[in-house]
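Contents: one structure, followed by commentary.
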There are 2 protein chains.
Amino acid sequence: MPGFKGQAVYSVDAKGRAAIPAKMRTVLRPEAEQTFTVTRGLEQCIFAYPLDKWRDMEEEIAKLSAYDREARTFVRLTMMWAEEVKLDNQGRIGLPKVLVEYAGIQDKVLILGVYDRVEIWNPQTYEDYQSREAQDYETLAARVMRG
Amino acid sequence: MPGFKGQAVYSVDAKGRAAIPAKMRTVLRPEAEQTFTVTRGLEQCIFAYPLDKWRDMEEEIAKLSAYDREARTFVRLTMMWAEEVKLDNQGRIGLPKVLVEYAGIQDKVLILGVYDRVEIWNPQTYEDYQSREAQDYETLAARVMRG
DNA sequence: CTAATGGTGGGGAAAAGTGGGGAAAATTTC
DNA sequence: GAAATTTTCCCCACTTTTCCCCACCATTAG
């Protein structure tokens with residue numbers, strides 16, 4: 001199964017909806033049922049995981065003990081920001097308000113395909129992130145891929 | 001079966017009732033019979049477990065020895081705060097007074113989906129908790145998920 | 001040139017959250 | 001023990017939000 005790839009800048013309409021690029025929709029497997037689980041991303045963006053992938057992640061969470069303080073905090077922070085959203089007939093998702101606020105999204109979004117997830121950014125936020133964290137791609141590649 | 005997820009700020013009416021978000025109600029299995037067992041949370045909040053999940057927890061409790069002093073205390077503290085509450089036709093639960101008092105709840109509640117339970121907070125209490133326990137989520141995730 | 005595909009906008013029906021009234025049950029008071 | 005008061009619970013009604021569907025425009029392919 002191929003991964004999500006590519007990038008696009010789309011509009012967010014008055015109802016908080018944004019289209020998912022058709023290229024990325026075709027990657028969704030039938031088990032994903034045209035549904036993403038969106039959650040707070042590790043940088044200031046939204047992560048959208050296909051439903052089947054998210055289910056695997058929940059299985060990992062199920063193994064954690066509710067009586068361990070750190071694990072409890074981790075599960076709380078992971079789940080409280082998550083929400084299942086189904087694509088409408090036009091291939092759009094409704095972005096939850098709390099996540100729109102977190103990511104500082106207004107009328108335009110930058111949508112990235114990142115292998116096992118789709119990322120949704122405020123375009124300006126992504127530019128700031130890029131210039132701040134800018135590293136030489138070649139150097140980065142060498143460091144990461146060496147292992 | 002998916003876990004509880006998401007967050008919402010809802011009103012508590014004059015009768016001490018608060019709605020459970022529809023997104024979380026849909027997660028309830030038929031065995032839960034639209035019923036939660038609410039109890040004192042480990043942080044200053046209310047934990048609400050679906051009835052079927054709570055039954056599993058009681059089975060665990062049943063295995064503890066009544067002749068072990070610490071176990072006896074644990075069972076006492078666990079059970080004395082617990083109460084079964086059924087949702088009304090509008091999807092609300094009546095919050096037991098002792099728990100409202102424990103959690104410092106007034107006219108608004110923050111409701112969190114946390115995988116196998118729903119948590120009910122005074123929004124302000126949660127903010128205090130957050131700023132007090134603030135950790136880098138990324139670091140926490142790495143520590144917890146490593147095992 | 002026509003048809004098909006992809007992104008955008010909006011209207012209307014349905015669902016969700018909130019408030020409150022009234023019957024039944026429990027508690028208190030006389 | 002009966003009446004009165006309080007509490008609890010169930011149901012109805014209103015308002016807002018959400019969701020589903022249809023329509024439109026632009027671009028691409030045949």
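Keep in mind it's a predicted model, so treat the numbers as computed, not measured. First the proteins, then the strands, lettered A, B, ... as listed; each starts at 1.
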field: Main-chain N/O of B/Lys5 paired with A/Glu83 side-chain donor or acceptor, under 3.5 Å
entry: no

query: For residues A/Arg76 and B/Tyr129, is any side-chain donor paired with an opposing acceptor at under 3.5 Å?
result: yes

message: Whole angstroms only, please: what is the CG-C1' distance between B/Asp88 and C/dT18?
response: 11 Å

- request: Find out whether A/Leu99 and A/Ile120 are in side-chain contact, i.e. whether some heavy atom of one side chain is under 4.5 Å from a heavy atom of the other.
  value: no

A/Asn89 side chain near D/dC21 phosphate (N/O to OP1/OP2, under 4.0 Å): yes

Distances under 3.5 Å between protein N/O atoms and the N/O atoms of nucleotides 27-30 of chain D, please, pair by pair.
none

- prompt: If only atom types and distance count, is the side chain of A/Thr125 paired as donor or acceptor with the main-chain N or O of A/Trp121 below 3.5 Å?
  reply: no

message: Using a 4.0 Å heavy-atom cut-off, does B/Ile20 contact any base of the nucleic acid, only the sugar-phosphate backbone, or nothing at all?
response: sugar-phosphate

Note, A/Ile20 side chain near A/Leu28 side chain (heavy atom, < 4.5 Å): no

query: Is there a side-chain contact between A/Glu133 and A/Glu43, using heavy atoms and a 4.5 Å cut-off?
result: no

- request: For A/Lys86 and D/dC21, give me the distance from atom NZ to atom P, rounded to whole Å.
  value: 11 Å

task: Name the closest nucleotide to the B/Arg25 side chain, picking from C/dA16, C/dG9, D/dT18.
output: C/dA16

task: Please list, by residue number, the residues of residues 1-17 of chain B whose heavy atoms come closer than 4.0 Å to an atom of DNA chain D; answer none if no residue qualifies.
output: B/Lys15, B/Arg17

- prompt: Is it the case that more than 12 heavy atoms not belonging to B/Arg69 sit under 6.0 Å from its CZ atom?
  reply: no

statement: When rounded to whole Å, the CZ to P distance for the pair A/Arg92 and D/dC22 reads 13 Å

task: Taking the side chain as every heavy atom from C-beta outward, state whether A/Val12 and A/Val100 have any atom pair closer than 4.5 Å.
output: no

field: Distance in angstrom units between A/Ile93 CD1 and C/dG6 C1', rounded
entry: 16 Å

field: Heavy-atom donor-acceptor pair, A/Gln90 side-chain to D/dC22 base, under 3.5 Å
entry: yes

message: Rounding to an integer number of Å, can you tell me how far A/Glu84 CD sits from D/dT18 C1'?
response: 16 Å

- prompt: Hey, are B/Lys63 and B/Glu60 close enough for a salt bridge, meaning a charged N less than 4.0 Å from a carboxylate O?
  reply: yes

- request: Rounded to the nearest angstrom, tell me the gap between atom CD in B/Gln34 and atom P in D/dC9.
  value: 16 Å

query: Would you call B/Arg117 and B/Glu119 a salt bridge, using N to O less than 4.0 angstrom?
result: yes

query: To the nearest angstrom, how far is A/Leu87 atom CG from D/dC20 atom P?
result: 11 Å

- prompt: Any chance CD of B/Glu101 has more than 12 other-residue heavy atoms, nucleotides or ligands included, within less than 6.0 Å?
  reply: no

Five-pair end axes of the helix from C/dC1-D/dG30 to C/dC30-D/dG1, angle between them (10°): 20°

